[in-house]
**Q** 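Dropping a structure here in structure tokens format, bear with me for questions.
Chain letters run A, B, ... following the sequence lines, proteins first, then strands; residues in each count from 1.
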Amino acid sequence: MLDKVLTPGAFEARLYEGWERAGAFAADPDSAARPFTIMIPPPNVTGSLHMGHALTFTLQDTLIRWRRMQGRDALWQPGTDHAGIATQMVVERLLASRGLDRRQMGREAFLEQVWAWKAESGGAITRQLRRLGASLDWPRERFTMDEGLSAAVREVFVTLHRQGLIYRDRRLVNWDPKLQTAISDLEVESREVRGSLWHLRYPIEGEPGRYVVVATTRPETMLGDTAVAVHPEDGRLRHLIGRRAVLPLVGRAIPILADTHADPEKGSGAVKITPAHDFNDFEVGRRHGLPMPSVLDAEARIWLEEIAPEMRAVEGVADPAFLRALAGQDRFAARKAIVARLEELGLVEKVEPHTHQVPHGDRGGVPIEPRLTWQWYADAATLAKPAIEAVESGRTAFVPKQWENTFFAWMRDIQPWCISRQLWWGHQIPAWYGPDGHVFVERTEAEAQAAARAHYGKEVPLRRDEDVLDTWFSSALWPFSTLGWPERTRELARYYPGDVLVTGFDIIFFWVARMMMMGLHFMGEVPFRTVYIHGLVRDERGQKMSKSKGNVMDPLELIEAYGADALRFTICALTGPGRDVKLSRKRVEDHRAFVTKIWNAARFLEMNGVAPDPAWDPARARTPLARWILDAANRAVTEATAALEAYRFDEYAAACYRFVWNTFCDWFIEFAKPVLAGPDGPEKEEARGAAQHVLGTILRLLHPAIPFVTEELWDRFGYGPAFSLIRASWPGAVPVAEAEAARAELDWVVSLVSEVRSVRNEVNVPPSVTMPLLVKDAAPESLARAGRWIEAIRRLGRISEVRPLDGEVPKGVAQAVLGEATVMLPLEGVIDIPAERARLAKERGRAEAEARKIAAKLDNADFVARAPEEVVEENRERLAAARAEMARLDAALARIGG
RNA sequence: GGGCGCUUAGCUCAGUGGUAGAGCGCCUGUCUUACACACAGGAUGUCGGCGGUUCGAAUCCGUCAGCGCCCA
């Protein structure tokens with residue numbers, strides 16, 4: 001017997017282990033079945049399961065379980081990425097707590113520590129994914145730092161380098177002074193910062209007392225200014241072009257030049273140009289061939305080496321001693337000191353409060369510093385072209401389609417991708433430098449040595465590039481590197497390209513775009529056919545969840561409290577197209593009720609001897625009840641399947657919900673109760689047969705969304721061996737004889753019961769009171785139906801008997817119109833006649849309004865002439881029905897003296 | 001500033017040319033032996049404003065307003 005109370009915790013772990021042990025999640029490269037592949041967006045190895053993971057992995061698992069049940073050879077490829085910066089930070093913090101520092105211990109020892117950490121703590125998220133029910137093919141789990149994936153990285157790097165698509169360059173990068181590494185444009189986020197706009201006076205050379213005023217939000221970078229720019233058409237300042245300004249504090253003379261970068265509308269119209277510390281200024285510097293001295297070091301402290309030769313004392317303007325005292329100071333301390341000094345010198349014209357966007361590193365959280373360094377770049381613009389074309393031609397399609405615009409916008413304006421990072425944890429760049437700095441890019445050190453020997457004509461010592469690659473570089477290879485590339489494995493041949501990639505829109509640039517580029521370049525084919533983009537998880541007020549806001553929800557805690565199925569079903573039900581998912585505890589609680597409902601319905605059927613019977617043939621069902629529920633199940637199956645095909649998880653959930661709750665539980669089980677409680681016989685057998693058949697359909701239909709409780713019921717009922725639902729076949733429509741007639745019959749009974757209940761409630765008849773139901777003007781078929789369903793009508797309508805009314809209408813009846821008939825509840829002495837009259841009048845008003853609306857439509861000659869014939873006909877029928885109802889309600893009113 | 005999206009019942013959202021819907025919440029009643037995480041019934045909408053197209057607009061077009069996100 002099923003327990004009275006559903007306790008998901010009692011079976012979730014057991015079922016998952018059973019599936020996993022049985023190999024139920026495994027893809028089978030030897031299978032004749034068509035593959036269906038989803039590559040997991042590899043979660044960060046340092047991560048633990050958060051609500052965003054719960055969302056994306058629930059959707060992926062729903063898809064993979066559904067396709068697996070459809071008989072596809074499903075591969076859901078698991079794994080994690082090595083998260084260069086994040087992991088290095090975690091381990092460094094850990095070491096710091098033990099008083100250790102990576103620089104002291106050296107690279108090799110540090111990497112040993114990272115691997116040790118990974119072995120111990122790196123698997124947290126994969127364990128948590130199991131709690132969610134994610135049916136990943138675990139034996140195929142990969143890690144981006146695995147030897148095979150690392151070989152793929154080296155292969156790609158070397159190949160792209162030979163093709164000229166990877167190169168070294170010295171340009172401005174986004175430098176994170178806290179983490180002391182370059183980061184890509186995408187790892188920078190703008191944050192609004194309230195700061196100041198300082199208007200500084202730069203003396204004009206040779207004209208004491210005259211200044212050009214420049215406005216800046218970053219006065220500390222002025223030490224590296226190499227020009228002042230004014231707009232060539234700025235009438236106020238044009239006369240200064242060609243003159244020179246004396247750079248305050250430094251004393252160097254810098255040119256005042258014409259460049260359209262200066263905006264006459266902004267500030268004073270003149271801008272200082274600091275090419276080594278600002279992206280726009282860098283471009284100006286390039287255009288005008290300006291020197292580009294850096295004045296900040298890797299930690300963003302004042303650094304004078306590159307400007308030292310040009311520092312000179314200028315009375316009242318510049319003082320090398322002050323600068324030397326500044327050396328080594330942090331950029332923010334230096335800003336204060338510099339502003340204070342300039343104020344002393346009278347070189348600050350004014351200071352305005354100023355709110356502006358400041359780029360911050362998304363990991364380190366500090367303002368990034370544009371810094372002039374040598375880095376490795378990938379020629380993203382060239383790699384992007386085939387990717388753009390693939391989406392344009394539809395070889396890869398985004399769902400919802402509007403995200404293609406986002407993809408195009410970014411890809412068409414893509415910048416060189418800085419792929420080197422000044423970290424230790426990651427794929428070390430396979431580049432070696434000779435004594436003269438000549439670079440050899442090879443797969444191995446031995447090959448580099450050989451190349452160097454060929455180049456120099458002798459053995460020379462080589463120094464390997466210390467930097468590692470951006471984590472996303474290896475992630476970009478994920479769809480094929482996990483399948484064994486560069487080896488030509490059978491997995492690669494079979495599972496590439498994947499079918500669908502599921503991810504959030506925030507990952508389109510980081511990952512989707514880069515997988516497209518690399519996949520097309522190295523495999524000659526897109527990595528996936530469909531990109532399904534879902535929204536973000538937010539709290540009930542629509543706020544992004546974040547630790548600082550304190551509004552995070554822990555999926556594991558929710559699973560603990562409500563079961564994984566409840567959480568998963570909630571997520572499916574709330575995932576509409578292109579919408580964020582607003583989640584709250586209450587929502588999960590609400591959807592848990594549905595899971596419980598299934599449990600309870602199954603429990604009832606079990607109590608009534610319903611058991612699986614594979615021999616039971618729905619095509620041979622004879623009773624209207626069986627035919628009707630089978631037919632309704634067919635429609636639910638069709639709707640649910642169509643919804644999944646369209647990635648409409650909300651519609652899939654709703655179709656299942658409606659069928660299970662509002663049809664199967666509310667009506668079928670209720671109708672079946674008298675039969676099941678009655679004598680044994682063919683009718684009872686068929687009720688049981690239909691019940692077991694449809695319950696089996698329900699379990700299969702819902703398994704992708706709520707795998708645990710469905711599998712538990714499947715196993716407990718014995719629909720198959722233990723743990724077999726996961727591999728059971730997806731339901732299809734079954735043949736049902738005379739479904740139309742069954743539907744008409746049951747719909748009529750449902751209407752009758754509903755009308756009776758409605759009337760009873762409205763005139764406040766307590767449920768404990770039963771009474772006969774009188775039927776007036778009923779067609780013979782209606783009376784026959786009432787006879788056939790008398791038990792259900794008695795039970796559900798609290799009716800003692802159904803009797804045709806022939807003769808006088810008794811006094812004090814409550815009435816309702818049902819098709820051609822009028823049904824009456826004799827309530828003399830109980831009923832409040834004026835209230836009943838009001839009720840009938842209201843019904844009549846409703847029918848009249850309806851009739852008037854339709855009549856107006858039909859009176860419109862244009863409508864009748866231009867609307868499709870079936871629409872016109874439908875409206876005529878509706879009008880007739882509404883008028884007939886009015887007439888019957890009028891008669892009912894007349895009967896009670898209205 | 002550029003782009004995208006959203007605005008439908010108290011709340012969260014479906015609905016893309018032909019009868020305005022669901023869940024939750026609310027109100028009334030009920031331990032009707034599967035289920036109170038339940039059952040039965042009920043109330044609730046100028047579909048953001050304005051204009052246009054159309055026989056017909058929540059739906060298509062334009063415009064305005066508000067909100068959100070992305071990019072600069």
**Q** Among all residues two or more places apart in sequence or in another chain, which pass the side-chain hydrogen bond (donor to acceptor under 3.5 Å, both in side chains) test with A:R363?
**A**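 Checked A:R363 against side-chain hydrogen bond (donor to acceptor under 3.5 Å, both in side chains); zero matches.
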**Q** Calculate, to the nearest 0.5 Å, the distance between atoms CG and CD belonging to A:L172 and A:E283 respectively.
**A**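 Result: 8.5 Å between the selected atoms.
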**Q** Between atom CE of A:M516 and atom CD1 of A:I508, what is the distance when rounded to the nearest 0.5 Å?
**A**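 If we round to the nearest 0.5 Å, A:M516:CE and A:I508:CD1 are 11.5 Å apart.
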**Q** Listed by chain and number, what are the salt bridge (Lys or Arg N to Asp or Glu O under 4.0 Å) partners of A:R658, not counting sequence neighbours?
**A**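 With sequence neighbours excluded, A:R658 shows a salt bridge (Lys or Arg N to Asp or Glu O under 4.0 Å) to A:E639, given in chain and number order.
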**Q** Taking salt bridge (Lys or Arg N to Asp or Glu O under 4.0 Å) as the test, write out the residues that go with A:D259, two or more places apart.
**A**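 Checked A:D259 against salt bridge (Lys or Arg N to Asp or Glu O under 4.0 Å); matches are A:R287.
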**Q** Dump every N/O contact between nucleotides 17-20 of chain B and the protein below 3.5 Å, one line per pair.
**A**
from, atom 1, to, atom 2, distance (Å)
B:U19, O4', A:R878, NH1, 3.2
B:U19, O4', A:R878, NH2, 2.9
B:A20, OP1, A:K853, NZ, 2.8

**Q** Just the table, please: protein N/O against nucleotides 11-13 of chain B N/O, every pair under 3.5 Å.
**A**
from, atom 1, to, atom 2, distance (Å)
B:U12, O4', A:R587, NH2, 3.1
B:C13, OP1, A:K582, NZ, 3.3
B:C13, OP2, A:K582, NZ, 3.1
B:C13, O3', A:R579, NE, 3.3

**Q** So which nucleotide from B:G5, B:G42, B:A34 ends up closest to the side chain of A:Q402?
**A**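 For A:Q402, the side-chain atoms sit closest to B:G5.
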**Q** List every contact pair, protein side and nucleotides 30-32 of chain B side both N or O, where the distance is under 3.5 Å.
**A**
none

**Q** Regarding A:E755 and A:S758, do their side chains bring together a donor and an acceptor under 3.5 Å, going by distance alone?
**A**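 No.
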**Q** Measure the spacing between CZ of A:R585 and CE of A:M553 and express it to the nearest 0.5 Å.
**A**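 If we round to the nearest 0.5 Å, A:R585:CZ and A:M553:CE are 9.0 Å apart.
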**Q** Got a sec, which residues hit salt bridge (Lys or Arg N to Asp or Glu O under 4.0 Å) with A:R876, two or more places apart in sequence or on another chain?
**A**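 Expected list: A:E869, A:E873.
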**Q** With sequence neighbours excluded, tell me which residues meet side-chain hydrogen bond (donor to acceptor under 3.5 Å, both in side chains) with A:N174.
**A**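 Checked A:N174 against side-chain hydrogen bond (donor to acceptor under 3.5 Å, both in side chains); matches are A:D185.
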**Q** Of the options B:A43, B:C39, B:C24, whose atoms approach the side-chain atoms of A:D666 most closely?
**A**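 So the side chain of A:D666 is nearest to B:C39.
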**Q** For A:R635, give me all partners under salt bridge (Lys or Arg N to Asp or Glu O under 4.0 Å), at least two apart in sequence or on another chain.
**A**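 Testing A:R635 for salt bridge (Lys or Arg N to Asp or Glu O under 4.0 Å), a comparison that skips the adjacent residues, returns A:D631.
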**Q** Using the test ring-ring contact (aromatic ring centres under 6.0 Å, His included), find all partners of A:F863 that sit at least two apart in sequence or belong to another chain.
**A**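 ring-ring contact (aromatic ring centres under 6.0 Å, His included) check on A:F863 returns nothing, list empty.
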**Q** What's the gap between B:U46 and B:A20 when it is taken at their C1' atoms, as a whole Å value?
**A**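 To the nearest whole Å, 14 Å.
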**Q** What integer distance in Å separates A:R839:CZ from B:A43:C1'?
**A**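 Distance, rounded to whole Å: 16 Å.
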**Q** Has A:K842 got a side-chain N or O lying under 4.0 Å from the OP1 or OP2 atom of B:G42?
**A**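 Answer is no, no contact under 4.0 Å.
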**Q** Does anything in residues 671-679 of chain A reach RNA chain B, meaning a heavy atom under 4.0 Å, and if so which residues?
**A**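 A:K673, in order of number.
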**Q** When you compare the side chain of A:R688 with that of A:N608, does any pair of heavy atoms fall below 4.5 Å?
**A**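 Counting from C-beta outward, A:N608 and A:R688 never come under 4.5 Å.
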**Q** Is there a side-chain polar atom (N or O) of A:K4 under 4.0 Å from OP1 or OP2 of B:C35?
**A**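 Result: yes.
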**Q** Report the residues that fulfil ring-ring contact (aromatic ring centres under 6.0 Å, His included) with A:F398, sequence neighbours left out, ordered by chain and then residue number.
**A**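 With sequence neighbours excluded, A:F398 shows a ring-ring contact (aromatic ring centres under 6.0 Å, His included) to A:F407, given in chain and number order.
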